Amino acid sequence: MSLEDNLARYIKGRAINLSDMSRQTGISYMSLYNSLFNENSERQLKARELVAVCIFLGVDPRDFAEKTGDKEVV
């Protein structure tokens, strides 16, 4: 799973409101939606967006890194 897939699963599992996240992070709703939930979009989160989202969630960005073998890939 990609970083975006892992993050989307975390957000869905905690029923976090994407509109609230957008307002509090300053990232447009559509950018968040296209990166995390739009299966037809290949948009990846930018580094600054990932940091802002993780600060909003109170989590470490490395928690969402894709794990391949014994290494983490972001």
Side-chain angles (χ1 to χ4, degrees):
M1 273 193 178
S2 72
L3 177 139
E4 288 81 9
D5 291 336
N6 292 335
L7 188 54
R9 193 171 63 199
Y10 181 89
I11 291 167
K12 281 182 186 177
R14 285 162 181 74
I16 295 167
N17 185 293
L18 206 59
S19 293
D20 288 340
M21 182 186 296
S22 172
R23 282 190 293 274
Q24 292 187 39
T25 61
I27 305 167
S28 78
Y29 176 89
M30 286 310 297
S31 292
L32 288 171
Y33 179 80
N34 284 331
S35 294
L36 301 172
F37 299 113
N38 185 350
E39 294 180 12
N40 295 319
S41 175
E42 294 183 18
R43 184 184 190 278
Q44 295 180 327
L45 284 174
K46 296 178 181 176
R48 67 172 182 76
E49 294 171 340
L50 174 63
V51 171
V53 167
C54 288
I55 289 170
F56 170 82
L57 297 172
V59 296
D60 187 330
R62 293 175 291 186
D63 293 344
F64 303 104
E66 182 178 356
K67 294 175 177 48
T68 57
D70 58 345
K71 296 182 179 182
E72 290 183 356
V73 178
V74 178

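Fair warning: this is a prediction, and the values are worked out from it, not measured in the lab.
Judged by distance alone, the side chain of Ser35 and the main-chain N or O of Ser31 form a donor-acceptor pair under 3.5 Å.
The hydrophobic cluster containing Phe56 also contains Met30, counting ILVMFWY residues as joined when their side-chain heavy atoms lie under 4.5 angstrom apart, directly or transitively. Leu18 and Val59 end up in the same hydrophobic cluster when Ile, Leu, Val, Met, Phe, Trp and Tyr side chains are linked at under 4.5 Å.
Annotation: the span from Glu42 atom CD to Glu4 atom CD amounts to 11.0 Å, rounded to 0.5 Å. With rounding to the nearest 0.5 angstrom, the CG atom of Leu45 is 7.0 Å from the CG atom of Leu32. Here the CG-CZ distance, from Asn17 to Arg23, works out to 6.5 Å after rounding to the nearest 0.5 Å. Rounding to the nearest 0.5 angstrom, the gap separating the CG atom in Asp60 from the CD1 atom in Ile55 is 11.0 Å. Taking CD1 of Ile11 as the start and CZ of Phe64 as the end, the distance is 7.5 Å to the nearest 0.5 Å. Once rounded to the nearest 0.5 Å, the distance linking NZ of Lys46 with CD1 of Ile27 reads 10.0 Å.
The minimum heavy-atom distance between Gln44 and Glu49, with the atom names listed, is O-OE1, 4.4 Å. The two atoms that bring Ser28 and Ser22 nearest to each other are C-OG, 3.5 Å, heavy atoms only. When every heavy atom of Cys54 is checked against every heavy atom of Pro61, the shortest pair comes out as SG-CA, 3.6 Å.
Within the 4.5 Å cutoff, the side chain of Arg9 has heavy atoms near those of the Asn6 side chain. Counting only heavy atoms from C-beta outward, the side chains of Asp63 and Tyr10 never approach each other to under 4.5 Å. Using a 4.5 Å heavy-atom threshold, the side chains of Leu7 and Leu57 count as touching.
Tyr33 and Phe37 have tilted rings, their planes meeting at an angle from 30° to 60° on a 0 to 90° scale.
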